[in-house]
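Structure first, commentary second.
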Amino acid sequence: MAFRQKQYYEQVYHVTEQIPVGRISTYGAIADYLALGSARMVGYALSQSNANDMPVPAHRVVNRKGELSGRHHFKPPAAMQEMLESEGVKVEDHQVVDFKELFWHPEALDE
DNA sequence: GACCTGACGCCCC
DNA sequence: AGGGGCGCCAGGT
């Protein structure tokens with residue numbers, strides 16, 4: 001239902017927005033937390049958010065390997081890395097350094 | 001209206 | 001351990 005879709009997008013934006021500065025999350029983690037759709041849908045939702053000029057820190061969301069898979073979707077592809085580095089997240093070869101330690105679990109919202 | 005692709009991830013071989 | 005395939009849902013062609 002379109003109803004559910006809107007809710008899904010809204011939830012994705014909400015969760016993404018809760019990612020603390022200097023921390024990052026993954027598509028899979030968000031999808032798992034929402035228990036809806038799939039990681040792919042999360043990325044899709046985020047792409048829409050960027051197009052809508054939403055205040056969603058999509059740059060803090062990477063794939064499960066810690067790679068900036070979505071960098072190519074930013075206005076300047078390098079913007080994603082720059083923003084992350086600006087927040088204290090080190091990026092090396094399009095990959096987040098110590099990604100595992102910087103990883104933020106959406107599950108933290110429940111607690 | 002059908003087919004393909006897309007910010008991914010897991011299961012199977 | 002590495003590679004390939006399928007699932008996910010929606011949107012564009």
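Predicted model, so just to flag it, every value in this text is computed and none were measured. Below, read A as the first sequence line, B as the second, and so on, with proteins coming before strands; counting in each chain starts at 1.
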In whole Å, I'd like the distance from the CD atom of A:Q48 to the C1' atom of B:dG6. 11 Å

State whether A:T26 places a side-chain N or O below 4.0 Å from either non-bridging phosphate oxygen (OP1 or OP2) of B:dC8. no

Among A:V62, A:I30, A:T16, exactly one meets side-chain contact (heavy atoms from CB on, under 4.5 Å) together with A:S25. Which residue is that? A:I30

When only distance counts, do a donor and an acceptor, one from the side chain of A:R40 and one from the base of B:dG6, lie under 3.5 Å apart? yes

If you compare all heavy atoms of A:S49 against all heavy atoms of A:Y13, which two are closest, and at what distance to 0.1 Å? CB-CE2, 3.1 Å

P-based separation of B:dC4 from C:dG5 [nearest Å]: 15 Å

Please report the distance, rounded to the nearest Å, between CG in A:L46 and P in B:dG6. 17 Å

Find the distance A:M41:CE to B:dT5:P and express it as a whole number of Å. 16 Å

Starting at atom NZ of A:K65, determine the distance to atom P of C:dG2, rounded to an integer number of angstrom. 13 Å

Step by step, would you call A:L68 with A:L84 a side-chain contact (heavy atoms from CB on, under 4.5 Å)? CA-CA 10 Å; A:L68 281 58; A:L84 286 174; 3.8 Å; yes

Taken to the nearest whole Å, CZ/A:R64 to C1'/B:dC8 is 10 Å

Sort out for me which residue in A:E82, A:R71, A:Q81, A:M83 forms a side-chain contact (heavy atoms from CB on, under 4.5 Å) with A:H59. A:M83

Rounded interatomic separation in angstrom, taking OH from A:Y8 and C1' from C:dA10: 11 Å

Which part of the nucleic acid, if any, lies within contact of A:A58, taking any heavy atom under 4.0 Å across all strands shown: a base, the sugar-phosphate backbone alone, or nothing? base

Closest to the A:S38 side chain: C:dC8, B:dC10, C:dA10? C:dC8

Taking the nucleotide of DNA chain B with the nearest heavy atom to each, does A:Y44 or A:V62 sit closer to the 5' end? A:Y44

I need the CG-P distance between A:L36 and C:dA10, as an integer number of Å. 11 Å

Provide, to the nearest angstrom, the distance between the CZ atom belonging to A:R71 and the P atom belonging to B:dC8. 11 Å

When hydrophobic residues are tied together by side-chain contacts of less than 4.5 Å, even through go-betweens, does A:Y27 share a cluster with A:F99? no

B:dG1 versus C:dC8 - spacing of their P atoms, nearest Å: 23 Å

